[in-house]
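Scroll down for the structure; my scribbles are underneath it.
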Number of protein chains: 2
Amino acid sequence: MKNTIKVERAKQNITQAELAEKAKVSRQTINAIELGKFIPSTLLALKIARIFGATVEQLFELEPGDE
Amino acid sequence: MKNTIKVERAKQNITQAELAEKAKVSRQTINAIELGKFIPSTLLALKIARIFGATVEQLFELEPGDE
DNA sequence: TATAAAAGTAAAGTATACTTTACAAAAAGA
DNA sequence: TCTTTTTGTAAAGTATACTTTACTTTTATA
C-alpha cells in the first residue's frame, strides 16, 4: 500500500507535527505512515482524509502485492 | 465509527464467511468488524470497499465521539 | 419441528499500530 | 556558516487488530 500524505502536506504546506496534532496522534506515527513503516487504522485514515479534504482512496492506494 | 458492511452484504447476498474468504481474513474478523468490536486497518477497509464496489467513506463513517 | 447454515461469542496467542522519550540527520533560513 | 526547524530513527512499552479453535445461539429451510 502506498500513500500520498507527504504530497498532500506539501500542497497544504503543513508539517508532520501539525498534521499529527490535527489528527491527534504522535508525530512519529505520521512519519512512520508516510514512510510506509505501518498502515494506519481506518479511523486514522478517515481523519487524515478529512483534514486534507480528500477521500481515503485518494490518499491510500492498494498495490498489486497487497492482493 | 460505524460501518454498513452488514447492509452491503445483504445487498450482494453474501455471508460473513464468503466476505472473509474474498478479503482473505478470518470469518471472526468480519464478524467483529460488523459488530464494532474493532476497527480494521486501512488495508482491509480498502479491500472490503473494493469487493463491494464502494468507497471506504461509503462503508465507514466517523461519528461525533471519534473527534 | 428437525436439520443445516449462518451468525455470535470466548479465550489464548501473535502481529502490528501507536506512544513516549530521546537523539541524529537533513533542510531551511538568518 | 550558524541556528532553527523539520524529518528520520530507535528502543521499550501499551493497545488493539487479527488468527485459530471451538462452542452456542439464531435464522433459514426442508
Side-chain angles (χ1 to χ4, degrees):
Chain A
M1 242 209 19
K2 63 177 184 176
N3 72 76
T4 58
I5 294 176
K6 190 169 186 170
V7 173
E8 288 304 315
R9 275 200 308 106
K11 283 185 191 168
Q12 312 227 359
N13 205 42
I14 67 174
T15 66
Q16 290 180 348
E18 285 167 342
L19 177 56
E21 192 183 9
K22 290 186 186 198
K24 296 190 179 170
V25 292
S26 71
R27 180 182 65 80
Q28 284 76 354
T29 292
I30 299 297
N31 184 259
I33 293 169
E34 281 192 6
L35 298 179
K37 292 193 177 172
F38 59 70
I39 294 169
S41 72
T42 298
L43 183 62
L44 181 49
L46 282 168
K47 281 185 183 178
I48 293 174
R50 193 157 70 177
I51 290 165
F52 285 138
T55 66
V56 171
E57 275 82 358
Q58 286 170 339
L59 293 179
F60 298 90
E61 195 178 349
L62 288 175
E63 290 180 298
D66 299 331
E67 78 214 45
Chain B
M1 244 209 18
K2 63 176 182 177
N3 71 78
T4 58
I5 293 176
K6 191 169 185 170
V7 173
E8 289 302 317
R9 273 200 311 106
K11 282 185 191 167
Q12 313 225 0
N13 203 44
I14 67 174
T15 66
Q16 290 181 348
E18 286 166 341
L19 177 55
E21 193 182 9
K22 290 185 187 201
K24 297 190 178 170
V25 291
S26 71
R27 181 181 65 81
Q28 284 77 354
T29 293
I30 299 297
N31 185 258
I33 292 168
E34 281 193 7
L35 299 179
K37 291 193 178 172
F38 59 69
I39 294 169
S41 71
T42 299
L43 182 63
L44 182 49
L46 282 168
K47 281 184 181 178
I48 293 173
R50 193 158 68 175
I51 290 166
F52 286 138
T55 67
V56 171
E57 275 82 357
Q58 286 170 338
L59 293 178
F60 299 90
E61 195 177 351
L62 289 174
E63 292 180 297
D66 298 330
E67 75 214 46

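Bear in mind the structure is a predicted one, so any value in this text is a computation, not a measurement. Chain naming here is simple, since letters A, B, ... match the order of the sequence lines and numbering starts at 1 in each. Note: hydrogens, waters and symmetry copies are ignored here, and every other heavy atom, side chains too, is used.
Computed from coordinates, the Leu19(A) CG to dT6(D) P distance equals 13 Å when rounded to whole Å. Between the CZ atom of Phe38(B) and the P atom of dT16(C) there is a distance of 15 Å, rounded to whole Å. Rounded to an integer number of Å, the gap from CD1 of Ile30(A) to C1' of dT19(C) is 13 Å. Atom C1' of nucleotide dA17(D) and atom CZ of Arg27(B) are separated by 17 Å, given to the nearest angstrom. When rounded to the nearest whole Å, the span between CD of Glu34(A) and P of dA26(C) equals 18 Å. Atoms CD1 (Ile39(B)) and P (dC18(D)) sit 10 Å apart, rounded to a whole Å. Rounded to a whole Å, the CD1 atom of Ile33(A) is 15 Å from the P atom of dT9(D). When rounded to the nearest whole Å, the span between CG of Asn13(B) and P of dA28(D) equals 11 Å.
No donor-acceptor distance shorter than 3.5 angstrom exists from the side chain of Ser41(B) to the backbone of Ser41(A), with no hydrogens or angles considered. Proximity of a side-chain donor or acceptor of Gln12(B) to a complementary backbone N or O of Arg9(B) within less than 3.5 Å is not detected.
With dA7(C), dA17(D), dA22(C) as the candidates, the nucleotide lying closest to the side chain of Gln28(A) is dA22(C). Relative to the side chain of Ser41(B), the nucleotides dT9(C), dT7(D), dC18(D) differ in distance, and dC18(D) lies closest. Residue Gln16(B) has its side chain nearest to dA7(C) when only dA7(C), dT9(D), dC18(D) are considered. Among the nucleotides dG8(C), dC18(C), dT7(D), the one closest to the side chain of Pro40(A) is dC18(C). Of the candidates dT19(C), dA22(C), dT7(D), dT19(C) carries the atom nearest the Thr29(A) side chain, counting heavy atoms from C-beta on. Taking every side-chain heavy atom of Leu35(A) into account, dG8(D) is the closest of dT19(D), dG8(D), dG8(C).
Proximity of Lys47(B) to the phosphate of dC18(D): no side-chain N or O atom is located under 4.0 Å from OP1 or OP2. Here Lys37(B) reaches the OP1 or OP2 of dT9(C): one of its side-chain N or O atoms lies under 4.0 Å away. For the OP1/OP2 pair of dG8(C) and a distance below 4.0 Å, the side-chain nitrogens and oxygens of Asn31(B) include at least one atom meeting the criterion. Not one side-chain nitrogen or oxygen of Lys6(A) sits closer than 4.0 Å to the OP1 or OP2 atom of dT7(D).
Closest of all the heavy-atom pairs between Ala23(B) and Lys47(B) is O-NZ, 3.5 Å.
Ser26(B) comes within contact range of at least one nucleobase, with a heavy-atom separation under 4.0 Å.
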Next item on the list: Evaluate side chain to side chain contact (heavy atoms under 4.5 Å, CB included) for Leu43(B) paired with Phe60(A), printing each intermediate quantity in order.
Entry: CA-CA 9 Å; Leu43(B) 182 63; Phe60(A) 298 90; over 6 Å; no
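Hydrophobic clustering (side-chain heavy atoms under 4.5 Å, transitive across Ile, Leu, Val, Met, Phe, Trp, Tyr) keeps Phe38(A) apart from Leu35(A).
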